[in-house]
Amino acid sequence: MHKHASLLFSLVGIFVFLHGIDGAWREEPGSLILGCGLNEGGAEDIDGRQWSPDNKFLVPDNGSIMSKAAYQEPSLSSLVPYMTARIFTSETTYKFNIQRDKRYWLRLHFYPSLYGSFSPSDSYFSVAANGITLLSNFSAYITCEALSLAYIDREYSLAPLNSDTLTLTFKPSDKQKGAFAFVNGIQLIPIPELFDSAALVGYVEQKVEVKSMSLQTMFRLNVGGQYVSPAQDSGLSRMWYDDTPYLYGASTGVTNKATKDVRINYQTMPQYIAPETVYSTSRSMGNDKNANIAYNLTWIFQVDPNSMYLVRLHFCEYYYSKVNEIVFNILINNQTAEPQADVIGWTGGKGVPTYKDYVIYVQDGEGDEKLWLALQPAPETKPEFYDAILNGVEIFKLNDTDLSGPNPQPSDMLLEDQAEERGFQAHEGYNRKAVIGGAAGGAAGFAFMAAICITVFNKKKRVPGSSTNTSWLPIYGNSHTNASKSTSGKSIASANLAAMAQGLCRYFSLQEIKQATKSFDESLVIGVGGFGKVYKGVIDDGTLVAVKRSNPQSEQGVNEFQTEIEMLSKLRHKHLVSLIGFCEEDDEMCLVYDYMDLGTFREHLYKGIKPLNILTWKQRLEICIGAARGLHYLHTGAKYTIIHRDVKTTNILLDNNWNAKVSDFGLSKTGPEMNAGHVSTVVKGSFGYLDPEYFRRQQLTEKSDVYSFGVVLFEALCARPVLNTNLPKEQVSLAEWALLCNQKGTIEDIIDPHIKETIKPESLKKFVDTAEKCLSDHGTDRPSMNDLLWNLEFALNLQENKDGSTHSSAQVDENEFEEINLGDNMANHYKNLSLGSQHDLSQDSDSDSSESPTKIFKELVNSKGR
Ligand SMILES: *[C@@H]1O[C@H](CO)[C@@H](O)[C@H](O)[C@H]1NC(C)=O
Ligand SMILES: *[C@@H]1O[C@H](CO)[C@@H](O)[C@H](O)[C@H]1NC(C)=O
Ligand SMILES: *[C@@H]1O[C@H](CO)[C@@H](O)[C@H](O)[C@H]1NC(C)=O
Ligand SMILES: *[C@@H]1O[C@H](CO)[C@@H](O)[C@H](O)[C@H]1NC(C)=O
Ligand SMILES: *[C@@H]1O[C@H](CO)[C@@H](O)[C@H](O)[C@H]1NC(C)=O
Ligand SMILES: *[C@@H]1O[C@H](CO)[C@@H](O)[C@H](O)[C@H]1NC(C)=O
Ligand SMILES: *[C@@H]1O[C@H](CO)[C@@H](O)[C@H](O)[C@H]1NC(C)=O
Ligand SMILES: *[C@@H]1O[C@H](CO)[C@@H](O)[C@H](O)[C@H]1NC(C)=O
């Protein structure tokens, strides 16, 4: 099995380390933070952390070469240390002075780029630390390519070496011709001894002395909580991820968060074991304490077989306070690791954290490369409630001589996904290399997904016949089974759709659709997407419609259609495209929309099919404002935040009055209620528009739409494709290029020459400033849709010579939410339908409004199967 899992941890290379009180980096004394190939003096990374040159540790230097990467991937989180490297053409050793009795983090950073004449695909090498093999036959290029990463980081924890020096040896493979080794950054940080002995699961009274062992970090999860950055960690600069991608089955329990009045009381346990953030969130089985007896709360992890793993579980109970209120069994790979666990019994009280270590040997063999962790109530102890709880998990690979594993292979799913990626179809002329090179931003996002998909895919195989609700993860494109088109004629999708769409939009028979589109006549095709084709059609007495037809082969299409129907049937807004109805029959699925006479925003900018009709600056501003209103409604107008996830100029449609309407809700997700945080999800969207923070963290917030919208703004200004691989590297991505030009003060040079002279400088400045803010690296620095609207209105007023300040329409008109655009010719379709616009998700949630928002959200998403 491939090594996806072990790479998971290192997928995201954000290096925000601990800031001292004065804002400077506080490093543990004796830490070495080396930027390999850096010149004398070193350099600071984006967070102000100092990286020192590595040359003085090479003794002797065996002919290594300092080099600079030939190009900078847009998704590099920081130029330092990734843009410089040290290349080794023969075996070369670093020597570091260390403390004999200290445990160390060793973190290695690799960015497989072109270095002078060294092509990353030729690089195969091994790395050893005092004789412990960390990597062998390692190809950073293959690894990154397989996971679509721009760069990878690895974390090892080296046991006290009982030596004053650490030798770190890079050795090019002698099996591959011309192989070389390289490294971009090395961190060597002394840490407290984190480990002791741990019980060996499956053996009575057997202990493994982990204290003396070296480890590789495989997974580190904040169960029931959010991503924790190195700076938020309790002193050891670790990253903790959300656990949802690893949950197995439909019963994923509920998440809990300690209330403000609960203080996490570490007592004698050192705080560095795990930060408060980890202990103050948890996952438990659910509120129905009698139903809980019937299931196990389960997580699955992909690991390398034939290895030992340390599983560290973190617990902290902050709701119950008595012994025997909750007692559960902990199973690892179906063996009891801990019978009758009682967290209060261990800790003695509320808010007191603790952790337990277990070692498990994962054997080689079919299906054995997974590590299962399950919690089940222990009825035999007659606890008060049937429930179980977990706050955090860490999984480390253990071995004293060899921690290496094979290079991963790109999964079929990943390849397929890349091929199918919307907005990036083959017919647009991009090759796969361009995906990796020119749009590594987007590509990096899928890395996480590739790894996750393995888990989820396997999950799906194990749960026959429930393909629409096995997981709340968007299992986009990873399962092309036939399951949803079931044998009974009436599909699962259809059953769902019927219920969802009941009374909300019209059902068309296939016959009607065929009539409308002249049996899907090719001459009526007005658009093509990853999902299939869009036809122009005529229904009833001449009403023009757009018919989106799902590609019958694509289950992804089915899911997107469902999402779109759910979203659109609940939302009505002047600046959102209107769904008239749908059809599902004989494996055909179609959505029927109001026809938008003037097509997409993009084709008026530069696809050039209407060259005589250059949009004026004012028109562009008005279109942007309209689209912003639509998005603002999505983010704040409905009961739940809705994140569009695929904002781009081809998804902004224009009616015959140039009114902008946001379309294509196939990827949209409902978020938790406002201010409740983010949605953790597989990264989806279109290359060139993808929020870099979203793919770094896989955490979706409405600010990801704001980022994409910022790209749209620059597209409106510059009238060029967001990705153009024919241009020099730094210009390929519009977002990057526009930001760079703006920094250099040359933004004027890239404005659409057709309108350049007509834009008032004040309007331009306001607009560009706004767009730039949208592209801020961190979501928190980006404006809300409301601020954005206000600024765009302001830019419009400046253009029209008003002073702008008195304008009030940026205050979004409440009425607009209810303003249903019943174009004359559409009214008949709605005659029979209940048009109360408050259908937004309320029927799902009102009935159990006592539940926590998280729970409701989870159930909502669960029921959608996306
Ligand atoms: C230098 O490279 C040669 C050839 O690969 C190797 O035999 C030798 O051990 C290396 N020296 C050191 C100090 O690494
Ligand atoms: C829970 O896990 C145990 C051990 O793997 C298994 O025997 C049992 O069938 C599981 N229960 C359910 C409901 O899946
Ligand atoms: C360490 O790795 C080697 C090589 O993969 C393997 O043979 C050995 O069994 C491993 N040891 C442990 C304790 O997992
Ligand atoms: C553990 O049990 C589950 C069913 O509960 C099964 O699907 C899985 O293969 C088992 N795993 C191992 C490692 O035996
Ligand atoms: C090294 O890795 C490559 C790519 O994964 C593989 O094709 C090759 O067989 C490996 N070579 C050895 C000697 O293991
Ligand atoms: C899946 O959804 C169907 C209804 O759509 C429901 O009957 C079934 O119990 C669900 N399955 C699981 C595993 O939740
Ligand atoms: C789907 O199932 C139908 C009937 O069961 C079969 O004819 C068809 O080949 C299947 N399609 C795919 C893509 O497997
Ligand atoms: C409206 O309802 C009537 C009677 O229920 C039905 O005959 C008619 O077809 C419906 N119209 C539409 C547009 O669905």
Side-chain angles (χ1 to χ4, degrees), residues 1-4 6-7 54-65 86-96 110 112 119-147 152 156-159 165-181 183 195 197-198 200-203 206-216 218 303-311 333 358-365 368-369 371 395-411:
M1 202 50 214
H2 321 315
K3 196 135 180 253
H4 296 282
S6 58
L7 291 159
D54 61 331
N55 49 353
K56 71 173 182 197
F57 301 98
L58 283 167
V59 271
D61 190 343
N62 215 354
S64 73
I65 300 160
R86 189 168 291 275
I87 311 261
F88 311 100
T89 51
S90 59
E91 182 176 334
T92 309
T93 301
Y94 286 95
K95 277 204 177 67
F96 305 111
F110 302 101
S119 165
S121 55
D122 294 337
S123 165
Y124 288 89
F125 57 98
S126 58
V127 180
N130 278 20
I132 306 166
T133 306
L134 305 180
L135 295 165
S136 72
N137 188 38
F138 173 68
S139 167
Y141 174 79
I142 290 178
T143 306
C144 284
E145 180 107 339
L147 302 176
I152 61 168
Y156 302 92
S157 171
L158 302 177
T165 48
L166 171 70
T167 59
L168 187 65
T169 305
F170 288 80
K171 184 178 177 201
S173 165
D174 44 17
K175 302 273 188 324
Q176 320 272 342
K177 245 182 95 197
F180 65 95
V183 64
F195 307 101
S197 58
L200 183 60
V201 175
Y203 297 85
Q206 280 267 1
K207 295 266 183 191
V208 176
E209 205 51 54
V210 185
K211 204 174 195 165
S212 63
M213 298 190 86
S214 292
L215 304 85
Q216 183 191 344
M218 308 287 282
V303 293
D304 298 328
N306 242 339
S307 289
M308 285 213 296
Y309 294 90
L310 172 68
V311 179
N333 274 5
Y358 308 97
V359 171
I360 178 98
Y361 186 74
V362 176
Q363 291 184 338
D364 204 355
D368 273 340
E369 58 290 283
L371 200 155
I395 298 180
F396 304 93
K397 187 176 181 179
L398 293 177
N399 202 313
D400 267 341
T401 54
D402 189 354
L403 285 165
S404 69
N407 291 316
Q409 288 166 8
S411 71

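The shown structure was predicted, so the numbers you read here are calculated from the model rather than taken from an experiment. The first residue of the sequence shown is numbered 1, and numbering continues consecutively from there. Both counts, for ligands and for their atoms, begin at 1 and track the order of listing.
Among the candidates S126, S404, S173, the single residue satisfying the side chain to side chain donor-acceptor pair (under 3.5 Å) test with S136 is S404.
N130 contributes no side-chain N or O that, together with a main-chain N or O of L158, makes up a donor-acceptor pair within less than 3.5 Å. Using a distance-only test at 3.5 Å, with no hydrogens or angles considered, no donor-acceptor pair links the side chain of T93 to the main chain of L58.
In terms of N/O distances under 3.5 Å, ligand 5 is approached by N407. For K175, no nitrogen or oxygen atom sits less than 3.5 Å from a nitrogen or oxygen atom of ligand 5, counting backbone and side chain alike.
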* To do: Quick one: do Y94 and F57 satisfy ring pair (Phe, Tyr, Trp, His ring centres under 6.0 Å)? Show the steps, please.
  => CA-CA 5 Å; Y94 286 95; F57 301 98; 7.5 Å; no
* Output, in order, the C-alpha distance, side-chain angles, deciding distance and verdict of side-chain hydrogen bond (donor to acceptor under 3.5 Å, both in side chains) for D122 and S119. => CA-CA 6 Å; D122 294 337; S119 165; 4.5 Å; no
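Each of the atoms 4 (C) of ligand 5 lies under 4.0 Å from some heavy atom of I142. Residue contact check: N62 has heavy atoms under 4.0 Å from atoms 1 (C), 2 (O), 3 (C), 8 (C), 10 (C), 11 (N), 12 (C), 14 (O) of ligand 1. With ligand atoms numbered from 1 in the order given, ligand 1 contributes 2 (O), 5 (O) to contacts under 4.0 Å with heavy atoms of S90. Of all atoms in ligand 5, numbered sequentially from 1 with element shown, those under 4.0 Å from a heavy atom of N137 are 1 (C), 2 (O), 3 (C), 8 (C), 10 (C), 11 (N), 12 (C), 14 (O).
A 4.5 Å side-chain heavy-atom check between V359 and L398 finds at least one atom pair inside the cut-off.
Once rounded to the nearest 0.5 Å, the distance linking CZ of F138 with OG of S123 reads 8.0 Å.
Using a 4.0 Å heavy-atom criterion, the residues that approach ligand 3 are M308, L398, N399, D402.
Among all heavy-atom pairs drawn from K211 and A159, the shortest one is O-CB, 4.0 Å.
F125 and F110 have tilted rings, their planes meeting at an angle from 30° to 60° on a 0 to 90° scale.
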